[in-house]
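Some notes on the structure that comes next.
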Amino acid sequence: MSAAPVDFYFEFSSPYGYIASALVDDLAGRIGREIRWRPFLLGPVFKATGSGPLVDIPMKGEYSRRDFGRSARFYGVRFAMPPKFPIGTVAAMRAFYWAQASDAGLAKRLAVALYNAYFVEGKDISESRTVVEVASALGIDASALEAGLADASLKERAKAEVDEAIARGVFGSPYFIVDGEPFWGCDRIPMLEAWVKRGGW
């Protein structure tokens, strides 16, 4: 895969981001591009756009709750609405970038495990201790991760990722950028694929 990677922006509290995470590996194979996983936070985005979580918006909230499960069933992705939703995902995002600093593959596996913990098992990954438990199951040293989550440089790295996402116009999850072209939503994956294969239109 020599062409530029596809940036895959996602929020750990996003059902659609979770669904997309189960689809991007197959997408990478079909288009011959690396998928660069980039978690961010929707909270600062909502402040920038004057918006909020879908479930809190009149009319859209009821529809979105219906569509989360329907979309997961359509794509064949396991899904159970978490008891607590939405949640803050600062710890999950920081853990990802902590792991990525030494092993990008491990960071991706951690992202998948965190998503499954939340949207399949219903675990509250807004809690640092839950994030550490999920990471430990992958063989990550719990003490090292706990220390890392409190490190100022990691906090700055995570903040920089969020700032960059906003600067690039990322306003939802999942959000893909390929060759400068943005695509929002897991339902845009077929269009993204066609765009890459055709060279745009």
Side-chain angles (χ1 to χ4, degrees), residues 5-22 24-25 34-49 51-56 80-177:
V6 176
D7 282 325
F8 165 42
Y9 286 96
F10 61 94
E11 225 272 13
F12 279 112
S13 188
S14 165
Y16 297 123
Y18 161 66
I19 293 169
S21 74
V24 293
D25 280 350
E34 174 194 352
I35 305 293
R36 187 158 52 192
W37 292 50
R38 304 189 69 169
F40 73 110
L41 300 175
L42 279 171
V45 171
F46 291 151
K47 289 180 181 178
T49 61
S51 186
L54 275 175
V55 292
D56 293 340
M81 195 67 193
K84 186 178 177 182
F85 179 86
I87 58 172
T89 59
V90 173
M93 181 189 66
R94 288 178 181 169
F96 174 93
Y97 287 117
W98 178 87
Q100 189 190 59
S102 58
D103 188 334
L106 178 61
K108 176 184 165 183
R109 293 194 297 277
L110 177 59
V112 170
L114 287 167
Y115 258 147
N116 285 334
Y118 187 49
F119 286 113
V120 177
E121 301 169 19
K123 295 180 179 178
D124 183 1
I125 62 169
S126 69
E127 299 285 346
S128 295
R129 64 176 178 273
T130 305
V131 171
V132 172
E133 287 171 3
V134 172
S136 295
L138 296 178
I140 292 173
D141 184 276
S143 297
L145 176 55
E146 286 173 351
L149 290 176
D151 187 83
S153 62
L154 178 64
K155 294 177 182 179
E156 284 301 313
R157 165 73 196 284
K159 182 180 182 301
E161 286 288 338
V162 175
D163 290 345
E164 182 180 348
I166 293 173
R168 298 185 76 188
V170 176
F171 58 81
S173 170
Y175 196 99
F176 303 92
I177 300 178

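Values below: all heavy atoms of this structure, side chains included; hydrogens, waters and symmetry mates excluded.
- Using modelled atom types, one side-chain atom of S173 and one backbone atom of E11 make a donor-acceptor pair closer than 3.5 Å.
- In this structure, F12 has its ring center closer than 6.0 angstrom to the ring center of Y115.
- The side-chain heavy atoms of F96 and V131, taken from C-beta on, include no pair separated by under 4.5 Å.
- By the 4.5 Å heavy-atom criterion applied to side chains, V45 and I166 are counted as neighbours.
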* To do: Mind running salt bridge (Lys or Arg N to Asp or Glu O under 4.0 Å) on E164 and R38 for me, showing each step along the way?
  => CA-CA 11 Å; E164 182 180 348; R38 304 189 69 169; 3.1 Å; yes

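- The salt bridge (Lys or Arg N to Asp or Glu O under 4.0 Å) analysis of residues 101-114, with sequence neighbours excluded, yields the pairs D25-K108.
- Using a 4.5 Å heavy-atom threshold, the side chains of F119 and P82 count as touching.
- In this structure, E127 contributes its side chain and R129 its backbone to no donor-acceptor pair below 3.5 Å.
- Note that the CG atom of D141 and the OG atom of S136 stand 7.5 Å from one another [nearest 0.5 Å].
- Considering only heavy atoms from C-beta on, T130 stays 4.5 Å or farther from L114 through its side chain.
- Of the listed residues (W37, F40, Y175), just one forms a ring pair (Phe, Tyr, Trp, His ring centres under 6.0 Å) with F8, and that residue is W37.
- The closest donor-acceptor contact from the side chain of S13 to the backbone of I87 lies under 3.5 Å.
- With respect to R157 and E161, a salt bridge is recorded, a charged nitrogen being found less than 4.0 Å from a carboxylate O.
- P44 and L41 make their closest contact through CD-O, 3.5 Å (heavy atoms, listed as atom of the first residue, atom of the second, distance).
- Shown here are the side-chain hydrogen bond (donor to acceptor under 3.5 Å, both in side chains) partners of K159, two or more places apart in sequence or in another chain: D163.
- Nearest heavy-atom pair across P174 and G17 is CD-N, 3.6 Å.
- Closest approach of A95 and L110 over heavy atoms only: O-CD2, 3.7 Å.
- Looking at S126 and T89, their side chains never come closer than 4.5 Å, going by heavy atoms from C-beta outward.
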* side-chain contact (heavy atoms from CB on, under 4.5 Å) between L42 and F171, worked out -> CA-CA 8 Å; L42 279 171; F171 58 81; over 6 Å; no

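- A 4.5 Å side-chain heavy-atom check between L149 and K155 finds every atom pair outside the cut-off.
- When only modelled atom types and interatomic distance are considered, E146 and S128 share no side-chain donor-acceptor pair under 3.5 Å.
- Within the 4.5 Å cutoff, the side chain of F85 has no heavy atoms near those of the P53 side chain.
- In this structure the side chain of I177 reaches within 4.5 angstrom of the side chain of R168, judged on heavy atoms.
- Smallest separation of non-hydrogen atoms from G148 and L154: O-CD2, 3.1 Å.
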